[in-house]
Amino acid sequence: MPELPEVEVVRAGLAPAAVGSLITAVSVLDERALTRHTPGPADFVARLEGRTFTDAARRGKFLWLPLDSDDSALIAHLGMSGQMLLRSPDAVTERHERIRISIEHPLHGELAIVFADQRTFGSLAVDHLVVDGPTAVPTQVAHIARDPMDPHFDDAGFRVALRRRSSAIKRVLLDQQVISGVGNIYADESLWAARIHPETPASSLSTQSVSRLLAEVRTVLAKALAEGGTSFDAQYVNVNGQAGYFAHSLNAYGRGGQPCPRCGTPIRREAFMNRSSHYCPRCQRRR
DNA sequence: ACGCGCCCCTGACCGC
DNA sequence: TGCGGTCAGGGGCGCG
């Protein structure tokens with residue numbers, strides 16, 4: 001569930017169960033799920049068991065659960081196919097279950113947080129928190145730009161960053177060090193909404209265009225979040241295993257050959273960065 | 001320093 | 001039915 005709306009759905013779903021919960025046991029079924037935790041599985045378990053989650057936070061596509069009594073947090077990156085599922089303590093092992101964290105909440109009782117991940121690009125880690133302006137973030141997240149839903153996102157700084165980049169605007173939207181949380185789906189959707197061709201050099205966009213694009217990014221992300229995120233299959237689900245509805249609202253992504261909802265011209269699909277770009281050749285002219 | 005191509009991994013789907 | 005090729009929401013790394 002990798003882009004900002006899907007990760008936010010997971011964060012919001014975990015929060016009521018995790019915050020205030022005591023970690024009673026941790027089992028690592030597949031060490032590949034700890035590639036971000038270099039000290040290894042034993043250290044990972046030792047840093048969690050007996051601790052309490054105090055919050056549930058997110059920046060871009062990273063989410064983390066801060067721990068009590070020192071400045072550390074359990075961090076999660078879902079990669080392409082990661083899931084964080086809330087299960088009863090006796091739930092059977094998930095097909096692609098990698099890590100299970102057993103918790104006890106003062107009101108809800110015993111639960112399990114299950115990290116399942118088909119493609120193993122996602123991973124968990126325990127990391128130290130560092131101060132980043134008005135907030136604290138794990139060290140592994142410190143290099144990630146604030147996301148556009150962050151109240152401290154710097155709109156003017158974003159405009160300046162784009163002016164300095166000669167790369168295609170879509171490439172820059174996907175650069176998590178410039179703006180975080182946007183992935184392939186929402187980059188295509190935002191560019192379609194702002195009527196900007198994905199190959200347009202970022203530096204050639206007017207201030208007005210950049211402002212319009214940023215507004216559309218926020219609109220698209222907010223709508224997707226309100227609809228529970230985008231799910232094409234069972235890989236992308238909330239903490240209860242339920243899919244989101246935003247796939248029905250997509251205007252460009254995944255719609256190659258189908259008519260543009262605005263003008264009827266067939267949406268074009270092109271290879272881009274080992275992925276695909278979807279855009280309307282009429283509404284989104286190259287300049 | 002940067003921008004870009006490639007790689008990590010599993011499974012679904014398609015055409016032969 | 002089986003097999004090989006292609007494709008998928010991610011990011012990191014090494015090269016030029």
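Order of the sequence lines sets the chain letters (A, B, ...), proteins ahead of strands, with each chain counted from 1. Just so you know, these numbers come straight off a predicted model, no measurement behind them.
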Sugar-phosphate only, base, or nothing, as touched by A:Ser276 at under 4.0 Å among non-hydrogen atoms: sugar-phosphate
Options B:dG11, C:dG10, B:dC7, nucleotide nearest the side-chain atoms of A:His77: C:dG10
Nearest-Å distance for atom pair CZ/C1', residues A:Arg36 and C:dG11: 7 Å
C1' atoms of C:dG9 and B:dG3, separation to the nearest Å: 23 Å
Gap in Å between the two P atoms, one belonging to C:dG11 and one to B:dG11, rounded: 22 Å
Selected nucleotide, minimal atom distance to A:Arg269 side chain, candidates B:dT10, C:dC7, C:dG9: C:dC7
Selected nucleotide, minimal atom distance to A:Thr120 side chain, candidates C:dG9, B:dC6, B:dC9: B:dC9
Test: A:Arg47 and A:Asp43 ion pair at under 4.0 Å: yes
Any-strand Watson-Crick or G-U partner of B:dC9, both distances under 3.5 Å: none
Side chain to side chain contact (heavy atoms under 4.5 Å, CB included) partner of A:Leu67, the single match among A:Asp55, A:Val126, A:Thr52: A:Val126
Sugar-phosphate only, base, or nothing, as touched by A:Arg95 at under 4.0 Å among non-hydrogen atoms: sugar-phosphate
Selection from C:dG9, C:dG12, B:dC6 that lies nearest to any side-chain heavy atom of A:Glu3: C:dG9
Whichever of A:Arg275 and A:Ser166 has its nearest DNA chain B nucleotide further upstream toward 5': A:Ser166
Short side-chain N/O contact from A:Gln176 to OP1 or OP2 of C:dG11, under 4.0 Å: yes
Interatomic distance where CD1 belongs to A:Ile179 and P belongs to C:dG11 [whole Å]: 13 Å
Integer-rounded Å distance: C:dG11 P and A:Ile75 CD1: 13 Å
Short side-chain N/O contact from A:Lys61 to OP1 or OP2 of C:dG11, under 4.0 Å: yes
Distance in angstrom units between A:Met80 CE and C:dT6 P, rounded: 17 Å
Nearest-neighbour nucleotide for the A:Arg165 side chain, C:dG10, B:dG3, B:dT10 considered: B:dG3
B:dC2 OP1/OP2 closer than 4.0 Å to side-chain N/O of A:Arg164: no
Test: A:Arg218 and A:Asp155 ion pair at under 4.0 Å: yes
A:Leu162 CG - B:dG3 P separation (whole Å): 12 Å
Exercise: do A:Asp117 and A:His96 side chains pair donor with acceptor under 3.5 Å: no
Whole-Å distance separating the CD1 atom of A:Ile185 from the C1' atom of C:dA8: 10 Å
Residue A:Arg171, side-chain atoms from C-beta onward, closest of B:dT10, B:dC4, C:dG9: B:dC4
Under 3.5 Å donor-acceptor pair, A:Arg119 side-chain atoms to C:dA8 base atoms: yes
A:Gln140 CD - C:dG12 C1' separation (whole Å): 12 Å
Under-4.0 Å salt bridge between A:Glu94 and A:Arg87: yes
Residues A:Arg59, A:Asp132: salt bridge by 4.0 Å N-O rule: yes
Nucleotide nearest A:Asn274 (side chain, heavy atoms from C-beta), chosen from C:dG10, B:dC6, B:dT10: B:dC6
Distance in angstrom units between A:Asp30 CG and B:dC8 P, rounded: 17 Å
Nucleotide nearest A:Ser167 (side chain, heavy atoms from C-beta), chosen from C:dG9, B:dC9, B:dC4: B:dC4
Sugar-phosphate, base or nothing in reach of A:Tyr253, heavy atoms under 4.0 Å: sugar-phosphate
A:Phe153 and A:Phe158 aromatic ring geometry - parallel, tilted or perpendicular at 30°/60° bounds: tilted
Under 5.5 Å and under 30°: A:Phe121 stacked on B:dC8: yes
